[in-house]
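Worksheet: one structure, shown below.
This chain uses plain numbering: 1 for the first residue, then up along the sequence.
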Amino acid sequence: MKNQTLVSEIVLLGFQNLHNIKIPLFSLFLLIYIMIICENVLIIVLVSSSRNLQSPMYFFLQQLSVCDFLESTIIVPILLQTVKNEGATMYFVDCLVQFYFFSLTEAFECFLLAVMSYDRYVAICIPLRYSSIMSHRVCVTLIFVSWLLSLIGVLIIAKIMATLQFCDQNTINHFFCDFFPIVELSCSDTYLVHINIMLQSIPVIFIPFILITISYICIAHAILKIVSNTGRQKAFSTCSSHLAVVSIFYGALIAIYVVPPRKELQTISKVLSLLYTVVTPLVNPLIYSLRSKDIRDVLQRILNRLHQAPRGQIY
């Protein structure tokens, strides 16, 4: 039978029965969104404009900021709409487009975090060969391959989902168009689609997570050899904060896509989704970039120039 999409609009329920907390929750999400935009744009501009931030590490951090900026722009506006109106309506095609672009950025971030952990492994464990291993050409290639693999994965999902039929159900109990809520609307057999997403989780989620874990184990082993207690504590503090963010990100992804919550636990599913759609883009710049002394120094010099500019004009 030919694929016939009878559903033209999708209703996103979002968070229901907010009552008195609707305005405070909307204000909180709006504030978080503004902070996400400001933080990530700041990092993108600083790395692009400063000669002191041209190392591979900051190149990857800039790519992470681009990814977080895109991801939050895809998800948070519709989240704000669902909170404000206690639901939102969008065209079915727009719903699918949102899902595909969101999947693209999420898959890219999975690969990028693995690349970043490898970069730190080389810098700490093989410092003498760092410049030759992590050349600019290698860094650009790693980013290109990450985007390419992400795009291939999304195209595979899109091709499989195009075979599904969507009949009369059009209500999604979520604040954005995610994989399982969309598939649940289908009146076709979704067994192969679920098998596909499970198989794709291996190269997209599990393999990068394993590589990250191995990299940080090697980094921890190298840190233990540091003689200085201060240096050792500083290195452990940095690595533990990185691992905390990675654990939240991958833990939420595994809970949603590998072991999806039952229909009765939709509220838990929404909260877990907030972790990697809102919380992670907010804390990534703080943990990875703004804690860096180099970035703080560059930012401080820019602020000093702005502060001295009017005084210079007066004299």
Side-chain angles (χ1 to χ4, degrees), residues 40 42-68 107-150 203-247 249-250 280 283-302:
N40 288 289
L42 175 64
I43 291 168
I44 293 169
V45 172
L46 287 178
V47 174
S48 299
S49 59
S50 176
R51 294 180 180 178
N52 296 330
L53 302 177
Q54 298 304 309
S55 66
M57 180 180 73
Y58 293 113
F59 173 71
F60 293 136
L61 289 175
Q62 184 188 47
Q63 297 300 311
L64 182 63
S65 290
V66 170
C67 181
D68 287 337
F108 173 73
E109 184 160 350
C110 288
F111 293 127
L112 179 60
L113 290 175
V115 170
M116 290 171 62
S117 67
Y118 174 72
D119 171 70
R120 291 299 82 204
Y121 161 75
V122 176
I124 294 173
C125 300
I126 325 174
L128 298 180
R129 297 180 56 193
Y130 180 73
S131 299
S132 59
I133 295 175
M134 301 303 295
S135 64
H136 181 69
R137 182 178 179 180
V138 170
C139 294
V140 172
T141 302
L142 289 172
I143 294 300
F144 175 77
V145 171
S146 297
W147 278 116
L148 182 61
L149 292 176
S150 304
V204 175
I205 298 177
F206 284 108
I207 292 180
F209 185 69
I210 291 171
L211 292 175
I212 291 171
T213 304
I214 294 173
S215 296
Y216 276 103
I217 289 174
C218 295
I219 290 171
H221 185 261
I223 291 173
L224 290 173
K225 297 179 180 179
I226 297 176
V227 178
S228 169
N229 288 330
T230 304
R232 190 185 307 159
Q233 290 176 359
K234 183 178 179 181
F236 266 123
S237 174
T238 302
C239 289
S240 60
S241 59
H242 289 186
L243 281 175
V245 174
V246 168
S247 299
F249 178 74
Y250 280 98
T280 301
V283 300
N284 273 346
L286 299 174
I287 297 298
Y288 285 105
S289 300
L290 298 179
R291 287 183 61 183
S292 166
K293 185 177 183 301
D294 292 334
I295 287 184
R296 291 203 307 270
D297 289 345
V298 170
L299 185 59
Q300 186 64 47
R301 284 198 295 270
I302 293 174

CZ of Phe206 to CG of Leu211: how many Å apart, nearest 0.5 Å?
13.5 Å
Under the side chain to side chain donor-acceptor pair (under 3.5 Å) rule, what pairs show up with a residue in residues 43-53, not counting sequence neighbours?
Ser48-Gln62
Rounded distance (nearest 0.5 Å) linking atom CG of Leu53 with atom CG of Asp297:
9.5 Å
Rounded to the nearest 0.5 Å, what separation is found between the CG atom of Leu149 and the CZ atom of Phe144?
9.5 Å
Does some side-chain heavy atom of Leu142 sit less than 4.5 Å from a side-chain heavy atom of Leu112?
no
Of all the heavy-atom pairs spanning Phe111 and Pro203, show the shortest one and how long it is.
CE2-O, 3.4 Å
Between Ala107 and Ser150, which heavy-atom pair has the shortest distance, and what is it?
C-OG, 3.4 Å
Measure the spacing between CG of Leu243 and OG of Ser215 and express it to the nearest 0.5 Å.
10.0 Å
Step-by-step side-chain contact (heavy atoms from CB on, under 4.5 Å) determination, Ile43 to Tyr58:
CA-CA 9 Å; Ile43 291 168; Tyr58 293 113; over 6 Å; no
Test Tyr288 against Ile295 for side-chain contact (heavy atoms from CB on, under 4.5 Å), laying out the working first.
CA-CA 10 Å; Tyr288 285 105; Ile295 287 184; over 6 Å; no
Applying side chain to side chain contact (heavy atoms under 4.5 Å, CB included), can you list everything that pairs with Thr141, at least two apart in sequence or on another chain?
Arg137, Val145
Taking all atoms of both residues into account, what is the closest heavy-atom pair of Phe60 and Ile143, and its distance?
CD2-CD1, 3.8 Å
List the atom pairs, with distances to 0.1 Å, where a side-chain N or O of residues 119-133 and a protein N or O form a donor-acceptor pair under 3.5 Å, not counting sequence neighbours.
{"residue": "Asp119", "atom": "OD1", "partner": "Tyr130", "partner atom": "OH", "Å": "2.6"}
{"residue": "Ser132", "atom": "OG", "partner": "Arg129", "partner atom": "O", "Å": "2.9"}

Taking side chain to side chain donor-acceptor pair (under 3.5 Å) as the cut-off, I'd like each qualifying pair that reaches into residues 107-118, sequence neighbours left out, listed once.
Glu109-Asn284
Contact summary for Phe108 and Gln63, nearest pair of heavy atoms:
CE2-O, 4.1 Å
Sorted by chain and residue number, the side chain to side chain contact (heavy atoms under 4.5 Å, CB included) partners of Phe209 (sequence neighbours excluded) come out as Thr213, Val246, Tyr250
CG of Leu64 to CG of Asp68, rounded to nearest 0.5 Å, is 4.5 Å
Ile212 and Met116, any side-chain heavy atoms less than 4.5 Å apart:
no
What residues form a side chain to side chain contact (heavy atoms under 4.5 Å, CB included) with Leu42, not counting sequence neighbours?
Leu46, Leu290, Leu299
What is the distance from atom CE of Met57 to atom CG of Asp294, rounded to the nearest 0.5 Å?
6.5 Å
